[in-house]
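Naming: A, B, ... by sequence-line order, numbering from 1 per chain.
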Amino acid sequence: MEELINNLKIQIIEALNLEGMTPDEIENDAPLFGEGLGLDSIDALELIVLLEKQYGIKLANPAEGKAIFKSVNVMAAYIAENRKK
Amino acid sequence: MRRTVRISDNIVSPLGFSSEANYAAVKAGRSEIRRHEGTFGVPQPFAASLFDRDVVMAKAAECGIPAGLSLFDTICLLSATLALEGSGVDTRSPKTAFILSTTKGNVELIGEEDVDQTRALLGFSARLIGEFFGNPNPVEVVSNACISGVCAIIQASRMIADGSYDHVVVVGAEVQSRFIISGFLCLKALSDSLCRPFDASRCGLNAGEAAATMVLAASDKVEDSQWEVVRGAIRNDANHISGPSRTGEGSYNALRYVLEASRKDELAFVNVHGTATVYNDEMESIALDRAGLSDMPVNALKGIYGHTMGAAGVLESIISIHACEDGTVLGTRGYSERGTSRPVNVSAENRTTDRTAFVKLLSGFGGCNAAVLFRKGDGPGGEIPAEPELETKKTVRLSSEDCDLVALYREQVGDYPKFFKMDTLCKLGFLATELLLKGEDRTELREDRAVLLFNTSGSVCNDRHFQETVSDPEGWFPSPALFVYTLANIVTGELAIRNRFKGESSFHVLGKKDQAQMDRIIREAFMDGVTRTAVCGWVECSADDCFEAEISLISKKNS
């Protein structure tokens, strides 16, 4: 799980162009949206692409993203359970 | 005072090859919107109104349009040819100009092997139109996302009012492609069934293809039978590059400005954008309500044509003129039950009217919004303020020859992480403007400042990056973060957000860097009664390591 979390952080930083940010700076439990990283609706859509491209997970309804992208921990748990690759 | 009147028009769409045929189809509620599976090789279903290419090419051949052109270039020439037929306009005259309104033109040619890549540039298509009609003037493309068509009509009326031209032919066109459909799919903005503007169950837009042409002429007075372009406005939300404003800010401000020129009780309806996305229609309901128009009949044509993007402003204005002539407020196909927070007077059925004026309203990516008032016969409000004397306050130049954008950002700015999400064109425009406005108080929202930028390559550099994400043999993973930057005018939106500019914002693609042409368009931007200063100039980016900016702060003298 730790490896998945770390890889996920690296993928998020790259996909969302969080320049200058290191994986250590993203807290596992901190909310990804609303505060902290300052992410917006386009970032949420980019995370949907990340799920599909890296883990083969297709979200049928983009509104599901809201619950899944709550924090890195929540996202990693969802990936561990649903990943196709 | 020179007024702008419409002398002829044409629509080429899947519903027919004339404005009359199109209007009859719309009035009868006919549409060519169909569900598509596998079209353009896209692995998800979507609904769209698309041309039958063979039918278009056969009609084009019949009308003397050369063979071997792309579908996009063909419909542009075909629509302009049919609109100009019998109009008496001398297209070879230096007093006649053409404006092309489009967002993506021939974008599907990007990355195609054995295709000259300059054909994918918007300027190529505009030049082709000019050459075909033997027009001696420089090409001009208004590429302002989905509001382009109304912007082109406003631009044309200014070119006529200031005496630059006697006739302006406005051609708005769009064709769909794997590029555009993939982009809207990754934004989750497309519906795979008929779109439902303003309806409670609306779930996204339908894509559309069309070309529409409006021929405008200078006139000393407006005859009873003539339609005048009375007044237009372009306003930015200064809020988000792709999300509509939650307060309807720019749309309301544009509406408010054009309504100042309308007589009480003269409007038959407002023909709105009505894309049938959740956020657009909600935003428009707020803007209309704020403008006191919650009782005004409102209609949207996206349930007939889909979203024809660069053609929409021209096409929907033409249909609205023909509807007024027919005493009709067209119904909104796809609508059944209101699904917006504010009241809007929308109906699925056609209604009757005896009024002969309307407002056309549009909004687009880059936070831009536009409104234009059309009226039949003489009336007030047609005056455009005299051209003011302008002065250049300051100019900043940046070039890939001597500048590393990231290093410059770190040295001069450093506090705007959004910078790293931008494409190179936006980074360039952003940094040049940061240097230009250094020291200026930028905390106040201001409607009196316009942003007006030019180049020849549009957003082609980022277009290539996005195209790679949809043509990757490893899989189809279109990137939403790249797609939102595949419109050249996004840079004007980024500047508006950063600097809180709520005034006019527009992007023009030219055939080449032509200072006289840019100076004329900049002067014309000051014909908007609100504009007092403008950030304007050149932002060209043909590749990530090949760019050039020359941006100035221009002001009315003594202001």
Side-chain angles (χ1 to χ4, degrees), chain A residues 7-27 30-70 72 75 78-79 82-85, chain B residues 43-45 182-192 203-204 239-244 246 277-279 365 367 405-407 409-410 413-424 426-427 462 465-466 469-470 472 474-486 490 493-494 497:
Chain A
N7 283 341
L8 182 58
K9 285 180 180 177
I10 293 168
Q11 288 160 352
I12 290 174
I13 288 169
E14 198 200 324
L16 305 187
N17 288 310
L18 303 177
E19 182 74 16
M21 197 134 208
T22 62
D24 298 343
E25 288 172 290
I26 305 178
E27 286 178 45
L32 284 170
F33 288 85
E35 48 184 292
L37 301 181
L39 304 185
D40 75 357
S41 53
I42 301 295
D43 295 311
L45 293 166
E46 202 61 42
L47 290 181
I48 292 177
V49 176
L50 188 158
L51 281 184
E52 189 171 343
K53 195 171 175 179
Q54 304 291 345
Y55 303 101
I57 300 172
K58 281 188 191 188
L59 294 192
N61 178 359
E64 288 173 56
K66 202 169 180 186
I68 299 164
F69 305 143
K70 217 170 160 188
V72 171
M75 206 173 154
Y78 183 85
I79 290 169
N82 296 284
R83 65 188 300 170
K84 306 277 188 303
K85 63 178 181 186
Chain B
Q44 286 177 16
S182 297
F184 279 110
L185 281 171
C186 76
L187 292 186
K188 313 289 179 199
L190 287 185
S191 168
D192 64 357
C203 60
N239 174 59
H240 194 272
I241 56 166
S242 61
R246 300 288 168 112
T277 66
V278 170
Y279 293 111
F365 281 4
L405 294 176
V406 171
Y409 165 82
R410 293 217 163 95
V413 188
D415 65 346
Y416 202 66
K418 178 106 200 295
F419 174 81
F420 292 102
K421 296 179 187 275
M422 296 178 191
D423 70 331
T424 305
C426 286
K427 285 187 172 117
N462 187 63
H465 294 315
F466 177 73
T469 73
V470 301
D472 185 348
E474 303 267 304
W476 177 82
F477 296 111
S479 161
L482 288 175
F483 184 64
V484 291
Y485 286 101
T486 62
I490 297 298
E494 292 285 16
I497 295 166

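- Counting non-hydrogen atoms of neighbouring residues, nucleotides and ligands closer than 6.0 angstrom, the CZ atom of A:R83 exceeds 12 such neighbours.
- A salt bridge between B:R410 and A:E19 is present, with a side-chain N of the basic residue lying under 4.0 Å from a carboxylate O of the acidic one.
- Environment of NZ in A:K84: crowded, with over 12 heavy atoms of neighbouring residues, nucleotides or ligands closer than 6.0 Å.
- Between B:S479 and A:V49 the shortest side-chain heavy-atom distance does not fall below 4.5 Å.
- Here A:P62 is the residue among A:A15, A:S41, A:G20, A:P62 with the most heavy-atom pairs under 4.5 Å with chain B.
- Within 6.0 Å of CD on A:E27 lie no more than 12 heavy atoms contributed by other residues, nucleotides or ligands.
- For B:I241, no part lies under 4.5 angstrom from a heavy atom of chain A.
- If you measure heavy-atom distances from A:L16 to chain B, the contacts under 4.5 Å come from both the backbone and the side chain.
- Enclosure of atom NZ in A:K58 is not indicated, since only 12 or fewer non-hydrogen atoms of other residues, nucleotides or ligands lie within 6.0 angstrom.
- The 12-atom threshold is exceeded at NZ of A:K9, counting heavy atoms of other residues, nucleotides or ligands nearer than 6.0 Å.
- Annotation: side chain of A:N17 is not in contact with side chain of B:M422 (no heavy-atom distance under 4.5 Å).
- At a 4.5 Å heavy-atom cutoff, the contact between B:S242 and chain A is made by side-chain atoms alone.
- In this structure, B:H240 NE2 and A:D40 CG are separated by 3.5 Å, a value rounded to the nearest 0.5 Å.
- Considering only heavy atoms from C-beta on, A:I42 stays 4.5 Å or farther from B:K421 through its side chain.
- Applying the 6.0 Å contact sphere to CZ of B:F477 captures more than 12 heavy atoms from other residues, nucleotides or ligands.
- Within a 6.0 Å sphere centred on NZ of A:K70, other residues, nucleotides and ligands contribute 12 heavy atoms or fewer.
- No side-chain heavy atom of A:E46 sits under 4.5 Å from any side-chain heavy atom of B:C186.
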